[in-house]
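Some notes on the structure that comes next.
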Amino acid sequence: MTGSIAAIGAGLAVLGVGLGIGKIGGSAMEGIARQPEQSGKILTAMIIAAALIEGAGLFGIVVALLGNG
């Protein structure tokens, strides 16, 4: 039973990461469409934010799997 709970926790972490990165990507594309001359700065900020979200998601997955038992 605890393996199932860990899998649900890992799945929720991945779902949150996917939603967060999708929101960042969409907002970055909207920002680039509005300010094409700032695309380099927008993309840099997007990549940094996506990396931070990935790190937090990975931490959530590890905690879910280590809380297994």
Side-chain angles (χ1 to χ4, degrees):
M1 179 68 180
T2 58
S4 299
I5 294 171
I8 290 171
L12 288 174
V14 169
L15 183 65
V17 167
L19 290 172
I21 291 176
K23 176 106 171 118
I24 288 173
S27 297
M29 293 302 112
E30 183 178 331
I32 290 171
R34 291 175 187 252
Q35 300 275 333
E37 66 276 359
Q38 294 294 321
S39 65
K41 288 183 179 182
I42 293 171
L43 286 176
T44 301
M46 180 190 72
I47 290 171
I48 291 170
L52 291 172
I53 290 174
E54 282 283 337
L58 183 62
F59 181 72
I61 290 170
V62 168
V63 167
L65 294 176
L66 287 179
N68 198 5

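For reference, positions follow the sequence shown, starting with 1.
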Calculate, to the nearest 0.5 Å, the distance between atoms [atom1] and [atom2] belonging to [X] and [Y] respectively.
X   : Y   : atom1 : atom2 : result
I32 : S27 : CD1   : OG    : 11.0 Å
L66 : I61 : CG    : CD1   : 12.0 Å
M29 : I24 : CE    : CD1   : 11.5 Å
E54 : L52 : CD    : CG    : 10.5 Å

Do [X] and [Y] sit in one hydrophobic cluster, given that two such residues count as connected whenever their side-chain heavy atoms are within less than 4.5 Å of each other, even indirectly?
X   : Y   : result
V14 : I53 : no
L15 : L65 : no
I21 : I47 : yes

Minimum heavy-atom separation for [X] and [Y], please, with both atom names.
X   : Y   : result
A10 : A64 : N-CB, 3.6 Å
A28 : M46 : CB-SD, 3.4 Å
G60 : A13 : C-CB, 4.2 Å

